[in-house]
Amino acid sequence: MSAPRYRIAPSPTGFFHVGGARTALFNWALARREGGTFVLRIEDTDEARDRPEWTQGIIDALAWLGIGADDPTFEGPYFQSANADAHVAAAERLYDAGLAYYCDLTGDEIQARSKESGKPGYGGWSRDRALGPGPGRALRFRVPEGTTVVRDLIRGDVTFDHDAIEDFVLLRGNGRPIFVLANVVDDISMGITHVVRGEEHLPNTPKQQLLWQALGHEPPVWAHVPVLVNESRKKLSKRRDKVALEQYRDEGFVAAAMVNYLMTLGWAPKGDTEIVPWAHVEAEFRLEDVTHSPAFFDIKKLTAFDKEYIKAMDVDEFVAACTPWIPEHVDLSTFRTMAPLLQTRVATLAEAADMVDFLFVDDPTVDEDAWPKAMGADWAPKLLDEVIASFDSVEWAGPVLKDDVERIGGDLGVKPGKAQAPVRMAVTGRSVGPPLYESLEVLGRDETLRRLRAARERIGV
RNA sequence: GCCCCCAUCGUCUAGUGGCCUAGGACACCACCCUUUCAAGGUGGCGGCACGGGUUCGAAUCCCGUUGGGGGUGCCA
């Protein structure tokens with residue numbers, strides 16, 4: 001048997017759907033392991049052709065996931081529209097062979113007839129009228145009697161009665177091919193052997209299989225993966241759900257985490273951990289093991305995966321990954337010394353710079369809601385006064401500063417956890433953040449004292 | 001309406017007739033640790049939709065019910 005060829009056929013709509021991303025990953029894993037190829041075919045439309053950035057967006061999104069154009073496994077992108085002549089030619093071949101016929105009924109007429117007869121849909125009105133091609137006439141496929149069995153690698157054999165399949169349109173009245181036709185013709189001409197796609201395509205599969213056979217080819221191996229749903233178990237939609245892969249990328253999710261998480265939707269690696277490297281996925285993933293039921297795309301769990309991946313990075317890797325979100329005014333070497341403290345604290349790469357931004361601005365932005373709680377205690381002014389006095393001359397090292405603040409707090413009858421609060425608020429402007437004394441060490445004596453004095457002044461007497 | 005798919009903790013899943021007193025992960029809760037927040041550690045909560053079969057034995061096989069989802073255009 002020759003090398004398998006997998007494909008995805010996304011329609012460019014301005015963003016890449018996370019569900020499409022998962023399907024791509026499934027195909028990619030298989031193609032790589034089996035020494036096959038992975039074909040990207042854009043199901044483009046007139047509108048999309050005027051917007052090359054949409055197609056580029058898909059390519060960029062795939063590249064982010066690690067599905068790269070520089071890998072010989074990858075092929076494409078191809079464009080459906082480039083093959084339009086072949087689609088029409090195939091349709092005409094079917095007409096010549098008597099497997100399709102022309103029909104002059106309009107949509108309104110079909111509806112009227114359906115209403116009159118009480119039977120929904122197109123009733124095969126023009127089947128035997130022997131109409132030739134002509135303006136406004138659509139070419140319909142003559143669905144034969146019988147049944148079609150779709151052999152699905154995930155779902156097993158699914159039987160469809162032809163009675164329930166209409167004589168569907170191949171060419172529109174204007175002569176342009178319809179999606180199903182184009183899809184099959186392209187799959188055939190590109191030598192696709194495996195069609196792994198979303199479950200929503202399963203009901204249309206018998207039509208495609210019929211077309212494969214009518215065109216004289218053995219149908220490919222089918223596999224329909226469960227859809228991704230939202231919290232109300234509806235298919236993820238652009239309108240109400242966060243489905244654009246690009247959005248997660250821009251918010252600072254780690255690509256490897258996204259890849260790993262997406263793979264666990266409908267499939268699970270053996271063992272007690274779901275956090276597994278791609279190499280493991282590539283070696284272990286089997287379509288036969290894919291779940292049958294829809295999966296909820298859970299951002300909370302994605303976030304948990306992201307934290308794991310961020311924690312596991314080495315420092316340089318982490319700093320490099322954060323770079324796109326680090327503003328100009330941030331000193332990179334200072335950021336790097338703080339980095340290990342951030343890695344256990346941030347959920348996304350974008351949060352890191354923000355968490356230590358107080359180190360790099362003239363004055364920290366004060367969280368006014370948190371201020372009263374941190375500064376309101378009656379011992380707070382006194383503590384600040386003594387800390388200021390002591391910090392003026394104490395050795396400037398984190399552990400020393402810690403002992404100092406805790407000693408002063410202790411003298412006032414305040415526990416270590418509470419004692420640091422006013423200092424933290426004064427210096428960082430917030431009640432939560434990275435470890436305080438390490439931050440002070442990095443900030444330096446002069447700036448720390450300046451901020452402490454400013455805060456003390458704000459409290460007044 | 002018709003067709004198709006699906007059904008294990010809140011969520012993602014393991015489970016392919018005895019290993020199941022149904023396992024893990026995320027989330028949640030509690031405690032420990034602790035300079036805030038995290039991280040880490042320990043423990044807890046929580047599920048086979050329902051009803052019939054088949055079988056010595058069913059989460060697992062069959063049938064039905066209910067529930068959910070998808071498809072059904074001269075859309076892609």
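Owing to the predicted nature of the structure, the values given are computational and were not obtained by experimental measurement. Both backbone and side-chain heavy atoms feed into the values below; hydrogens, waters and symmetry mates do not. Numbered from 1 within each chain, the chains take letters A, B, ... in sequence-line order.
Residue A/E274 is in base contact, counting any heavy-atom pair closer than 4.0 Å across all strands shown. Among the heavy atoms of the strands lying under 4.0 Å from A/T291 are primed sugar atoms or P, OP1, OP2 only; no base atom is included. A/P434 comes within 4.0 angstrom of a nucleotide base, judged by non-hydrogen atoms across all strands. Residue A/D272 is classed as a sugar-phosphate contact, given heavy-atom separations below 4.0 Å to backbone atoms only. Looking at heavy-atom distances under 4.0 Å, A/P294 makes contact with sugar-phosphate atoms alone, never a base. Counting non-hydrogen atoms under 4.0 angstrom, A/K402 reaches a base of the nucleic acid. Using a 4.0 Å heavy-atom distance criterion, A/A421 is classed as making no nucleic acid contact. Counting any heavy atom pair closer than 4.0 Å across all strands shown, A/L105 reaches a base atom. Note on A/G266: only backbone sugar-phosphate atoms sit closer than 4.0 angstrom, heavy atoms only; bases stay farther off.
When each of A/L265 and A/Y437 is assigned the nucleotide of RNA chain B bearing its nearest heavy atom, the one mapping closer to the 5' terminus is A/L265. Comparing A/L436 and A/G173 by the nucleotide of RNA chain B whose heavy atom lies nearest to each, the residue mapping closer to the 5' end is A/L436.
The distance between atom CD1 of A/I275 and atom P of B/G24, rounded to the nearest whole Å, is 17 Å. When the P atom of B/C2 is taken as reference, atom CZ of A/F160 falls 17 Å away, rounded to whole Å. The distance between atom CZ of A/F168 and atom C1' of B/A76, rounded to the nearest whole Å, is 15 Å. Residue A/K235 contributes atom NZ, which lies 7 Å from atom P of B/G70 at whole-angstrom precision. One interatomic measurement links the two molecules: CG of A/D167 to P of B/C2, which rounds to 21 Å at whole-angstrom precision. For the pair A/I154 CD1 and B/C5 C1', the computed distance is 12 Å after rounding to whole Å. In this entry the distance linking CD1 of A/I178 with P of B/A76 reads 5 Å, nearest Å. Atom pair A/W54:CH2 and B/A76:P shows a separation of 14 Å (rounding to whole Å applied).
The side chain of A/V432 has B/U36 as its nearest neighbour among B/U36, B/C12, B/A76. Closest contact between the side chain of A/K270 and the listed nucleotides B/U72, B/G15, B/C12 involves B/G15. Closest to the side chain of A/H292, from the set B/A7, B/U72, B/A76, is B/A7. The side chain of A/T344 sits closest to B/A38 out of B/U35, B/A38, B/U11. Minimum atom distance to the side chain of A/F179 is reached by B/A76, of the listed B/C5, B/A76, B/U35. Listed nucleotides: B/C12, B/A7, B/A39. Nearest to the side chain of A/A295: B/C12. Each of B/C6, B/A76, B/G24 was ranked by its minimum atom distance to the side chain of A/K301; first place goes to B/G24.
Using atom C1' as the reference point in both B/G53 and B/C12, the two lie 33 Å apart (nearest Å). The gap from the P atom of B/C19 to that of B/U11 amounts to 26 Å, rounded to the nearest Å. Remark: the separation of the P atoms in B/G15 and B/A7 is 14 Å, to the nearest Å. For the P atoms, the distance linking B/G71 with B/G64 amounts to 25 Å, nearest Å. Annotation: B/C26 and B/U34 have their C1' atoms spaced 25 Å apart (nearest Å). B/G67 sits 43 Å from B/C31 when the P atoms are compared, rounded to a whole Å. B/G47 sits 12 Å from B/G23 when the P atoms are compared, rounded to a whole Å. Separation of the C1' atoms belonging to B/C29 and B/C9 is 15 Å when rounded to the nearest angstrom.
In a base pair of the Watson-Crick type (N1 to N3 plus N6-O4 or O6-N4) or a G-U wobble (N1-O2 and O6-N3), with each distance short of 3.5 Å, B/A27 is matched with no nucleotide. Pair check for B/A59 finds none; no Watson-Crick or G-U wobble contact set falls under 3.5 Å. Nucleotide B/A38 is matched to nothing when pairs are restricted to Watson-Crick or G-U wobble geometry with both distances under 3.5 angstrom. For B/C2, the paired base is B/G71 (Watson-Crick or G-U wobble, both distances below 3.5 Å).
Side-chain contact between A/D167 and A/F141 is absent, with no heavy atoms from C-beta onward closer than 4.5 Å.
For the 3.5 Å distance criterion, the side chains of A/D186 and A/H87 qualify, holding a donor opposite an acceptor. Remark: the A/N83 side chain and the A/Y78 side chain contain no N/O donor-acceptor pair separated by less than 3.5 Å. For the residue pair A/D44 / A/S81, a side-chain donor-acceptor distance below 3.5 Å is found, with atom types taken as modelled.
Cation-pi geometry between A/R445 and A/F391 is not met at under 6.0 angstrom from the ring centre and within 45 degrees of the axis. Judged by the 6.0 Å distance and 45° axis criteria, A/R197 is not positioned over the aromatic ring of A/W222.
A donor and an acceptor atom never sit less than 3.5 Å apart when one is taken from the side chain of A/K300 and the other from the base of B/C26. Contact of A/E200 with B/G69 (side chain to base): no donor-acceptor pair of N or O atoms is detected under 3.5 Å. A donor and an acceptor atom never sit less than 3.5 Å apart when one is taken from the side chain of A/R233 and the other from the base of B/U11. In this model, no side-chain donor or acceptor of A/K307 finds a partner on the base of B/A39 within 3.5 Å. Judged by distance alone, with hydrogens and angles left aside, A/R345 brings a side-chain donor or acceptor within reach of the base of B/C37, the pair sitting under 3.5 Å.
Phosphate proximity of B/G40 to A/K311: present, with a side-chain N or O under 4.0 Å from OP1 or OP2. Under 4.0 angstrom from either OP1 or OP2 of B/G73 there lies no side-chain N or O belonging to A/R172. When the side-chain nitrogen and oxygen atoms of A/R140 are compared with OP1 and OP2 of B/C74, one or more of them lie within a distance under 4.0 Å.
Separation of the A/Y101 and A/Y95 ring centroids does not fall under the 6.0 Å cut-off.
We find the OG1-NZ distance between A/T264 and A/K301 to be 5.5 Å, quoted to the nearest 0.5 Å.
Of the candidates A/F15, A/F305, A/Y261, A/F253, A/Y248 forms a ring-ring contact (aromatic ring centres under 6.0 Å, His included) with just one, namely A/F253.
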